[in-house]
Amino acid sequence: MPELPEVETVVRGLRSVLPGRTIVSVRLGKTDFIDDPVALEELLPGSRIESVERFGKYIRLELAPRHSGAHREPRRYLIVHLGMTGRLVVVGANQPAPPHTHGFFALDDGRELRYTDPRRFGRMLVVPDAAIAAFCGRLGEDPLQISLATLKKRLAGRRAKIKALLLDQRVVCGVGNIYADESLWLARIHPARLAARLTADEVSRLRQAMRTVLRAAIRLRGSSISDFVDSEGNRGGYQGRHRVYHRHGRPCVRCGASIRRMLVSGRGTHFCPICQPPPRMPRRTARKA
DNA sequence: AGCTCTTCCTGAAAGC
DNA sequence: TGCTTTCAGGAAGAGC
């Protein structure tokens with residue numbers, strides 16, 4: 001499942017080939033994951049790609065304004081979220097397309113940007129210049145950028161479990177299930193701890209753990225669990241470095257205890273029961289007699 | 001308001 | 001062995 005390191009890997013690949021290229025035509029397959037398919041078909045052809053950026057788990061292609069006659073259209077952005085199983089690759093337009101390829105964006109150099117997504121949990125939309133700040137503004141800060149003071153502020157007073165908040169993109173953006181579990185293990189914090197109950201030192205360790213884990217994962221070009229591949233179709237290398245994710249029943253590399261799996265806020269959650277001590281049970285309300 | 005649960009979808013894995 | 005059932009998960013929206 002593409003999270004921050006996987007999306008960063010895809011973005012770096014796309015950045016090496018897309019800027020300067022113009023989209024010449026658009027062909028779509030299934031469109032139920034696209035906000036406005038007609039907008040993609042009408043607004044993208046003739047648009048030159050200026051830059052490729054990541055924000056959270058989103059990919060943002062900046063498109064230069066088109067000129068229609070004397071009229072200059074607004075700058076636009078193509079926003080792509082890979083969801084669970086989305087792939088964004090650039091290949092020769094004559095290459096056969098794998099099943100579930102629902103977006104074909106032909107480029108002016110004979111290649112094609114393609115979007116493949118079996119489960120269609122991804123998302124694709126065009127956002128005009130005037131709306132892009134609001135769209136990006138809904139997200140919290142990037143976990144590689146956020147200051148300790150800001151993170152403390154975001155968690156202060158929150159009675160949700162810390163893992164649920166790490167997955168909430170309005171708190172920090174880009175962390176998903178794998179890197180939430182890996183970061184909490186490195187910081188020695190149980191995923192079901194309430195955010196408001198974390199000590200200042202624990203919040204600091206958590207921030208540092210996210211930075212360590214995410215940077216290492218970027219360095220290894222992400223985790224290929226199910227079918228993640230980068231923009232050239234290559235698998236990542238970080239799946240071999242997972243310490244808890246999908247390791248339930250196997251020994252903790254730090255203390256040897258058996259890694260456990262539980263549900264936290266409906267998510268499969270992996271942790272070490274020794275290194276990550278569980279929260280004390282909430283005080284039971286007084287019972288009559 | 002804040003938090004958790006449900007829903008969407010398909011392929012892989014578990015179950016019989 | 002092979003078919004059927006269950007499950008995983010990002011994020012929007014419903015429900016409590």
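The figures here come from the full heavy-atom set of this structure, side chains too, leaving out hydrogens, waters and symmetry mates.
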> What closest approach, in Å, do Asp117(A) and Gly86(A) show between heavy atoms, and which atom pair accounts for it?
Replying inline: OD1-N, 3.6 Å
Listed pairs under 3.5 Å, donor-acceptor, residues 173-192 of chain A side chains, sequence neighbours left out:
residue: Asn177(A); atom: OD1; partner: Lys163(A); partner atom: NZ; Å: 2.5
residue: Asn177(A); atom: ND2; partner: Gly268(A); partner atom: O; Å: 2.9
residue: Tyr179(A); atom: OH; partner: Glu6(A); partner atom: OE2; Å: 2.6
residue: Tyr179(A); atom: OH; partner: Ser223(A); partner atom: OG; Å: 2.7
residue: Asp181(A); atom: OD1; partner: Lys163(A); partner atom: NZ; Å: 2.6
residue: Asp181(A); atom: OD2; partner: His270(A); partner atom: N; Å: 2.9
residue: Asp181(A); atom: OD2; partner: His270(A); partner atom: ND1; Å: 2.8
residue: Glu182(A); atom: OE1; partner: Arg243(A); partner atom: N; Å: 2.8
residue: Glu182(A); atom: OE2; partner: Arg243(A); partner atom: N; Å: 3.1
residue: Glu182(A); atom: OE2; partner: Val244(A); partner atom: N; Å: 3.0
residue: Glu182(A); atom: OE2; partner: Tyr245(A); partner atom: N; Å: 2.8
residue: Ser183(A); atom: OG; partner: Tyr179(A); partner atom: O; Å: 2.7
residue: His190(A); atom: ND1; partner: Ala192(A); partner atom: N; Å: 3.0

> Taking DNA chain B as the partner, which of residues 153-160 of chain A come within under 4.0 angstrom of it by heavy atom?
Replying inline: Arg158(A), Arg159(A), Ala160(A)
Can you give the donor-acceptor pairs under 3.5 Å from side chains of residues 41-49 of chain A to other protein atoms, not counting sequence neighbours?
residue: Ser47(A); atom: OG; partner: Leu43(A); partner atom: O; Å: 3.1
residue: Ser47(A); atom: OG; partner: Leu44(A); partner atom: O; Å: 3.2
residue: Arg48(A); atom: NH2; partner: Glu50(A); partner atom: OE2; Å: 3.4

> Bend across the helix from dG2(B)-dC16(C) to dC16(B)-dG2(C), to 10°, with axes taken over 5 pairs at each end?
Replying inline: 60°
> At under 4.0 Å between heavy atoms, what does Arg261(A) touch on the DNA or RNA strands: base, sugar-phosphate, or nothing?
Replying inline: sugar-phosphate
> What is the nucleic acid contact for Tyr245(A), judged by heavy atoms within less than 4.0 Å: base, sugar-phosphate only, or nothing?
Replying inline: sugar-phosphate
> Given atom CZ of Arg119(A) and atom C1' of dG10(C), what is their separation to the nearest angstrom?
Replying inline: 11 Å
> If you find the nucleotide of DNA chain B closest to Asp32(A) and the one closest to Leu194(A), which residue's nucleotide is nearer the 5' end?
Replying inline: Leu194(A)
>> Within a 6.0 Å radius of atom CZ on Arg205(A), are there more than 12 heavy atoms belonging to other residues, nucleotides or ligands?
In response: yes
>> Taking atom CZ as the centre, does Arg159(A) end up with more than 12 heavy-atom neighbours from other residues, nucleotides or ligands that are less than 6.0 angstrom away?
In response: no
> Which heavy-atom pair separates Glu141(A) from Ile146(A) by the least distance, and what is that distance?
Replying inline: OE1-CA, 3.7 Å
>> Applying side-chain hydrogen bond (donor to acceptor under 3.5 Å, both in side chains) to Asp230(A) and Thr9(A), what does each step give before you reach the verdict?
In response: CA-CA 6 Å; Asp230(A) 67 17; Thr9(A) 300; over 6 Å; no
> Rounded to whole angstroms, how far apart are CG on Leu82(A) and C1' on dG10(C)?
Replying inline: 11 Å
> Side chain of Glu202(A), backbone of Thr199(A): donor and acceptor closer than 3.5 Å?
Replying inline: yes
> Looking only at atom types and distance, does a side-chain atom of Arg54(A) sit under 3.5 Å from a main-chain N or O of Gly56(A), one as donor and one as acceptor?
Replying inline: yes
> Has the side chain of Arg241(A) got a donor or acceptor atom that lies under 3.5 Å from a matching backbone atom of Ala216(A)?
Replying inline: no
> Can you give one letter per nucleotide of nucleotides 11-16 of chain C, 5' to 3': B if a protein heavy atom sits under 4.0 Å from the base, S if only from the sugar-phosphate, - if neither?
Replying inline: BS----
>> Ring of Phe104(A), cation from Arg27(A) - is the NZ or CZ under 6.0 Å from the centre and inside 45° of the axis?
In response: yes
>> Measuring centre to centre across the rings, with the benzene-like ring taken for any Trp, is Tyr58(A) within less than 6.0 Å of Phe135(A)?
In response: yes
> Going 5' to 3' on DNA chain B, which nucleotide is the first and which the last to come under 4.0 Å of a heavy atom in chain A?
Replying inline: dC3(B) to dG11(B)
>> How close do Arg75(A) and Leu63(A) get, counting heavy atoms only, and between which atoms?
In response: CG-O, 3.5 Å
